[in-house]
S.K.: 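Would you mind keeping the following structure in view while I ask a few things?
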Amino acid sequence: MALEIKDNVVTGYTHEPGMDEITIPDGVTEIAPRVFFGSKLYKVNFPNTLKKIGDSAFEFSRNLQYAHLPDSVEDLGERCFAVTMLKEVNIPAKVTVLKNGVFDGCMGYGSLTVPGHVKEIGPMVFSANRAVRTVVLEEGIEKLGRRAFNGNPELEELVFPRSIKEVDSYAFDGSGAPKKVVIPGTVKKIWKEFLCGNMGVREVVLEEGVEEIDVRAFAYCSKLEKITIPSTLKKIGFRAFSGCTGLKEIVLPEGIEEIPDYAFYACRSLKEIGLPKSVKKVGSNAFCFCDELETVRGIERAEIGALAFDGTKVRI
């Protein structure tokens, strides 16, 4: 038999020529780590008794397209389906945390729904899924880990659920996606380095209720052209929009008291901006190398830091 089973755990697998489908028998509760690593399987049938799939169990099974998980599964190990060609991703109801890289490098599916019973999407879980175009994050999801969705060039739009509480740095780093991001007003502070380095986002909508944009949250989003800022915003972090070379316009609301150092550094397409009456200080290099900037309304009311408008058309 191709499978080795001990105490209801699949502990080994031997490939048999011509075999591209396997059925794991009833009674099996666990698949040990790396058992099917690099296998040539096309389809796997799981029993309804299965509870756990070990780390890297099917990683680099590049032909694997069908592996529907039964509702009995409670634990998916790190990178257990990484670098496969799964046609769909189904996440059983008892799985509440997606661990590091579970579906990293999967290139077989074009749409993805992450159900609300998943509370946390860990690091690199959906990284480098180059075929996915649509992602639905259902209400209930609270956290996205570091680089969770980096390297997904075809992803068009992502709307965050109101339940989201935390997004780690570089969740969308080095990616051409998503093209549009909507952040609900339940998020009071946009996370540090949230979209930093994203190469594809073109539009960001911050809904009413958002109060703060943290350090480098949108830095180096070179394609970002439009961002909707709510009237509730009170604070912008260091280098929040630094290097957004495509940003043409931004409207800042009353209540913001400071434009921090390097906030809009090298936003080379920005032509004009109005400073609210509440702004008391413009930090050093805040608009430095904004080549096209020639009009700054309300500038006379604020303290201006060193080199704040160096390399612009603004004359103070």
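Position 1 is the first residue of the sequence, and the numbers go up from there.
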S.K.: Would V279 and L252 satisfy side chain to side chain contact (heavy atoms under 4.5 Å, CB included), going step by step from the backbone distance to the final call?
M.R.: CA-CA 10 Å; V279 171; L252 301 176; 5.7 Å; no

S.K.: Should the pair K277-E254 be classified as a salt bridge under the 4.0 Å nitrogen-to-oxygen rule?
M.R.: no

S.K.: Measure the spacing between CG of L270 and CZ of F287 and express it to the nearest 0.5 Å.
M.R.: 7.0 Å

S.K.: Does S61 reach the main-chain N or O of F36 with its side chain, forming a donor-acceptor pair under 3.5 Å?
M.R.: yes

S.K.: Inspect the contact between K119 and E142 and indicate whether a charged nitrogen and a carboxylate oxygen are less than 4.0 angstrom apart.
M.R.: no

S.K.: Taking atom types as modelled, is there a side-chain donor on E138 or T113 under 3.5 Å from an acceptor on the other?
M.R.: no

S.K.: When you measure from the centre of the six-membered ring of Y262, is the NZ or CZ of R239 closer than 6.0 Å and no more than 45° off the axis?
M.R.: yes

S.K.: When you measure from the side chain of S284 to the backbone of L307, do you find a donor-acceptor pair of N or O atoms at a distance under 3.5 Å?
M.R.: no

S.K.: Under a plain distance cut-off of 3.5 Å, with no hydrogens placed, do E193 and S169 share a side-chain donor-acceptor pair?
M.R.: yes

S.K.: Taking the side chain as every heavy atom from C-beta outward, state whether N45 and E21 have any atom pair closer than 4.5 Å.
M.R.: yes

S.K.: Taking atom CD as the centre, does E166 end up with more than 12 heavy-atom neighbours from other residues, nucleotides or ligands that are less than 6.0 angstrom away?
M.R.: yes

S.K.: Can you confirm whether H15 sits close enough to L41 that some side-chain heavy atom of one is under 4.5 Å from a side-chain heavy atom of the other?
M.R.: no

S.K.: Which pair of non-hydrogen atoms, one from T49 and one from D26, has the smallest distance, and what is that distance?
M.R.: OG1-C, 4.0 Å

S.K.: Distance-only, no hydrogens or angles: does the T232 side chain make a donor-acceptor pair with backbone N or O of G209 under 3.5 Å?
M.R.: yes

S.K.: Would you call K271-E292 a salt bridge at under 4.0 Å N-O?
M.R.: no

S.K.: As an exercise, state the distance from CZ of R202 to NZ of K223, rounded to the nearest 0.5 Å.
M.R.: 5.0 Å

S.K.: Could you check if a side-chain atom of V181 sits within less than 4.5 angstrom of a side-chain atom of F218, using non-hydrogen atoms only?
M.R.: no

S.K.: What class does the angle between the rings of F58 and F46 fall in, given that below 30° is parallel, 30 to 60° is tilted and above 60° is perpendicular?
M.R.: perpendicular

S.K.: Check whether any side-chain heavy atom of Q65 lies under 4.5 Å from a side-chain heavy atom of Y42, and answer yes or no.
M.R.: yes

S.K.: Do V28 and L50 have side chains that approach each other closer than 4.5 Å (heavy atoms only, starting at C-beta)?
M.R.: yes

S.K.: Any donor and acceptor pair, going by atom type alone, linking the side chain of N100 with main-chain N or O of E78 inside 3.5 Å?
M.R.: no

S.K.: With side chain to side chain contact (heavy atoms under 4.5 Å, CB included) as the criterion, how do L155 and F126 come out once you've worked through the C-alpha distance, each side chain's angles and the decisive distance to 0.1 Å?
M.R.: CA-CA 11 Å; L155 183 58; F126 297 108; over 6 Å; no

S.K.: Using the ring of each side chain (for Trp, its six-membered ring), is F289 parallel, tilted or perpendicular to Y265, with breaks at 30° and 60°?
M.R.: perpendicular

S.K.: List in chain and number order the residues that pass salt bridge (charged side-chain N to carboxylate O under 4.0 Å, His left out) with K189, two or more places apart in sequence or in another chain; answer none if no residue qualifies.
M.R.: E212, D214

S.K.: Do M124 and V114 sit in one hydrophobic cluster, given that two such residues count as connected whenever their side-chain heavy atoms are within less than 4.5 Å of each other, even indirectly?
M.R.: no

S.K.: Can you list the steps and then say if F264 with I250 is a side chain to side chain contact (heavy atoms under 4.5 Å, CB included)?
M.R.: CA-CA 10 Å; F264 295 94; I250 188 167; 3.9 Å; yes

S.K.: Within the 4.5 Å heavy-atom criterion, are Y109 and V132 side-chain neighbours or not?
M.R.: yes

S.K.: Any idea which heavy atoms bring L112 and V89 closest together, and the distance?
M.R.: CD1-CB, 4.0 Å

S.K.: Counting C-beta onward and ignoring hydrogens, is there a side-chain heavy-atom pair between Y220 and S242 closer than 4.5 Å?
M.R.: yes

S.K.: Measure from the side-chain N and O atoms of S163 to the backbone N and O of I141, and report whether any donor-acceptor pair falls under 3.5 Å.
M.R.: yes

S.K.: State plainly whether one hydrophobic cluster holds both M19 and I24, where clusters connect Ile, Leu, Val, Met, Phe, Trp and Tyr through side-chain heavy atoms under 4.5 angstrom apart.
M.R.: yes

S.K.: Where do P92 and P70 come nearest, in terms of heavy atoms and distance?
M.R.: CG-O, 3.4 Å

S.K.: Where the side chain of S72 meets the backbone of N48, is there a donor-acceptor pair that is under 3.5 Å apart?
M.R.: yes

S.K.: Within this structure, what is the CD-CD1 distance for the pair E16 and I22, rounded to the nearest 0.5 Å?
M.R.: 8.0 Å

S.K.: Between E207 and R162, does any NZ, NE, NH1 or NH2 come within less than 4.0 Å of an OD or OE carboxylate oxygen?
M.R.: yes

S.K.: Under 4.5 Å between side-chain heavy atoms, counting indirect links through other Ile/Leu/Val/Met/Phe/Trp/Tyr residues: same cluster for V204 and I273 or not?
M.R.: yes

S.K.: Please assess E154 against R133 for the test salt bridge (charged side-chain N to carboxylate O under 4.0 Å, His left out), listing each intermediate value before the final yes or no.
M.R.: CA-CA 5 Å; E154 301 301 321; R133 291 183 175 274; 3.4 Å; yes

S.K.: Could you measure the distance from the OG1 atom of T84 to the CG atom of D104? Nearest 0.5 Å is fine.
M.R.: 10.0 Å

S.K.: Do side-chain atoms of H117 reach the backbone of V95 as a donor and acceptor pair under 3.5 angstrom?
M.R.: yes

S.K.: So how far is it from D75 CG to K51 NZ, rounded to the nearest 0.5 Å?
M.R.: 12.0 Å

S.K.: Taking all non-hydrogen atoms of both residues into account, name the closest pair between P253 and I229 and its distance.
M.R.: CD-CG2, 3.6 Å

S.K.: With a 4.5 Å limit on heavy-atom distance, are the side chains of K52 and V9 in contact?
M.R.: no

S.K.: Side chains of E88 and H68: is there a donor and an acceptor less than 3.5 Å apart?
M.R.: yes

S.K.: Check whether any side-chain N or O of N129 sits under 3.5 Å from a backbone N or O of G105 as a donor-acceptor pair, and report yes or no.
M.R.: yes

S.K.: If you take all heavy atoms of S39 and Y13, which pair is closest and at what distance?
M.R.: CB-CE2, 4.2 Å

S.K.: More than 12 foreign heavy atoms under 6.0 Å from NZ of K165: is that the case here?
M.R.: no

S.K.: Membership question, hydrophobic clusters at under 4.5 Å side-chain separation (ILVMFWY): are I31 and L86 in the same one?
M.R.: yes

S.K.: When you look at NZ of K313, are more than 12 heavy atoms from neighbouring residues, nucleotides or ligands closer to it than 6.0 Å?
M.R.: yes

S.K.: Hydrophobic clusters here meaning ILVMFWY residues chained together by side-chain heavy-atom distances under 4.5 Å, can you tell me if F60 and F103 are in one?
M.R.: no

S.K.: Spell out, as yes or no, whether a donor-acceptor pair under 3.5 Å connects the side chain of N152 to the backbone of N150.
M.R.: yes

S.K.: What pair of heavy atoms forms the shortest contact from A302 to V282, and how long is it?
M.R.: CB-CG2, 4.1 Å

S.K.: Can the ring centres of F194 and F160 be said to be less than 6.0 Å apart?
M.R.: yes

S.K.: Is there a donor-acceptor pair closer than 3.5 Å between any side-chain N or O of S278 and the backbone N or O of I256?
M.R.: yes

S.K.: Stepwise, does the side chain to side chain contact (heavy atoms under 4.5 Å, CB included) test hold for V83 with R62?
M.R.: CA-CA 6 Å; V83 198; R62 297 180 184 273; 3.5 Å; yes

S.K.: First locate atom CD1 of I227, then atom CG of L247, and finally report the distance between them rounded to the nearest 0.5 Å.
M.R.: 7.5 Å

S.K.: In terms of the angle between their ring planes, are F149 and F172 parallel, tilted or perpendicular, with boundaries placed at 30° and 60°?
M.R.: parallel

